[in-house]
Protein chains: 2
Amino acid sequence: METPTSTWQTPARRAQAEAKRAAILDAAEELFVASGYELTSVDAIAARAKVSKRTVYDHFGDKQSLFWAVLGRVDEILLATIRTAVAAELTDGRDLREALLAFVQRLTTDVLPSSTYANFRHLVSRTSTAPKDPNRSTEAPEQVLEERFAQLAAAGELTFTDRRRAVQHFFVLTMSLLLDAIDQSPDGTVDPAEARAIITDGVDAFLRAYR
Amino acid sequence: METPTSTWQTPARRAQAEAKRAAILDAAEELFVASGYELTSVDAIAARAKVSKRTVYDHFGDKQSLFWAVLGRVDEILLATIRTAVAAELTDGRDLREALLAFVQRLTTDVLPSSTYANFRHLVSRTSTAPKDPNRSTEAPEQVLEERFAQLAAAGELTFTDRRRAVQHFFVLTMSLLLDAIDQSPDGTVDPAEARAIITDGVDAFLRAYR
DNA sequence: TACACACTACACCGTGCAGTGTAGTTTTGC
DNA sequence: GCAAAACTACACTGCACGGTGTAGTGTGTA
């Protein structure tokens, strides 16, 4: 058959194929996150997805393409999550500190627990072992926040000269430290109290620097 | 022979052995940093060190131990560099902003260009593919800065409740962003002007938050 | 009924790599 | 000169893994 995704089939067949495809992506994501690109074998992915190895190759061609497909899905989810969180928490008129705290809290509970993005940041950014995707925008998430920060600055709630830098600082003061805390601990979980402390300290430091 | 490091030999022999050992560590460091743990073969390390593969195994036993040895050396150098930089730049009576700028600048020029620590941070922290060393203190560098920050707080130059957190924030606002910038760029180098901008922005933000 | 699609099971190939065994060479200390 | 240390060259094992080829199975669809 080769590339079942190319032509247009009857809905029933198509649905089955999509289900398998999703299962493979799920399994691949878990294993890549857990063990990294090199140490994750296609056989293991197939086994976890309860799918024959051949099906994996029929769907994705090779290991690299599968990895990129996983990455693409993760990027999508992440971007959607950030957009939602911005829209839901960073609302006008709300106390800025409360808004930012809620925003980060929401991001962590929505994205990190599935551990989706947490370790992928490390996997991708510089595992150096993972193959680099030629076409992908690592900028998107930041830009969403940048726009909102610009509005906040216009409203006098924040003060900065370089909005890009301000967003960078916000991210490292909150998300980066949370990610660090996560993969510092052996089991990959962080004490919720510690997490809250990191978040509040980060937000407060940010506000002292940029209010 | 097996493990030439165990018994005590005559100086000449020992010196030769040490030279080889150092050459192996150098080669291993370069290759691990460049390609990651998995993708670096022991054969490649031996070739680069201009040493027979057998010698590598005679010295280090296996690939993991070699990796840990490299890590240990990097840790030592890093710690010494930080101590020196603290002593040299974070002196009493100096304008705090100038001192912190010089401190970060010195760290980057002393540690990053050799790229020693830059990518190793990524290799170790969560490559997940790299083997974990059971006994190593990832805390040391931070603690050096913590002590100095505590003194600065006592002198009224800084204000914070949690000195550990303050140091974390300082690191992410400066070094983390520099490392990010480095491995964001394909060739592993950063425009010096951009680097300076990152440093000054980071230090200024830190001072706004903690002065 | 018959076809095509998605999939499985499984054998198979090539390769790269960690690690070993060994015989031989150079150097050093006595 | 001799013995041992340090090292080289090289062959070799074992294995895991990426990827392919193929024969066969079940199932919606025409």
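Lettering follows sequence order; numbering is per chain, from 1.
- Not one side-chain nitrogen or oxygen of B/T55 sits closer than 4.0 Å to the OP1 or OP2 atom of D/dC7.
- Checking D/dC7, D/dG19, C/dT8 against the side-chain heavy atoms of A/D62 singles out D/dG19 as nearest.
- With rounding to whole Å, A/D43 atom CG is found 7 Å from D/dG18 atom P.
- In this entry the distance linking CD of A/Q64 with C1' of D/dG19 reads 14 Å, nearest Å.
- Across A/R164, A/H169, A/R165, a single residue satisfies side-chain hydrogen bond (donor to acceptor under 3.5 Å, both in side chains) together with B/D201, and that is A/R165.
- Using the six-membered ring where Trp is involved, B/F149 and B/F170 have ring planes that are perpendicular, over 60° apart on the 30 and 60° scheme.
- Across the protein-nucleic acid pair, B/Q16 atom CD and C/dT28 atom P stand 7 Å apart, rounded to whole Å.
- Rounded to an integer number of Å, the gap from CZ of B/F60 to C1' of C/dA18 is 16 Å.
- The separation between B/D58 atom CG and C/dT20 atom P is 10 Å, rounded to whole Å.
- B/R73 and B/E29 are joined by a salt bridge, as a carboxylate oxygen and a charged side-chain nitrogen come within less than 4.0 angstrom of each other.
- Taking only side-chain nitrogens and oxygens, A/H59 comes nearer than 4.0 Å to OP1 or OP2 of C/dC7.
- Between the OH atom of A/Y57 and the P atom of C/dA11 there is a distance of 18 Å, rounded to whole Å.
- A straight line from CG of A/L39 to C1' of C/dA18 spans 14 Å, rounded to a whole angstrom.
- With hydrogens and angles ignored, no donor-acceptor pair under 3.5 angstrom links the side chain of A/K63 to the base of D/dG19.
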Could you please spell out the steps behind the side chain to side chain donor-acceptor pair (under 3.5 Å) verdict for B/D58 and B/T55?
-> CA-CA 5 Å; B/D58 285 343; B/T55 302; 5.2 Å; no
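- The side chain of A/S41 contributes no N or O atom lying less than 4.0 Å from OP1 or OP2 of D/dA16.
- B/R54 places its CZ atom 7 Å from the C1' atom of C/dG21, with the value rounded to the nearest Å.
- Regarding contacts with the backbone of C/dC17, every side-chain N or O of B/K53 stays at 4.0 angstrom or more from both OP1 and OP2.
- Closest to the B/S52 side chain, of the nucleotides D/dA9, C/dA18, C/dT8, is D/dA9.
- Under the 30°/60° scheme for interplanar angles, the aromatic rings of B/F32 and B/F67 are found to stand perpendicular.
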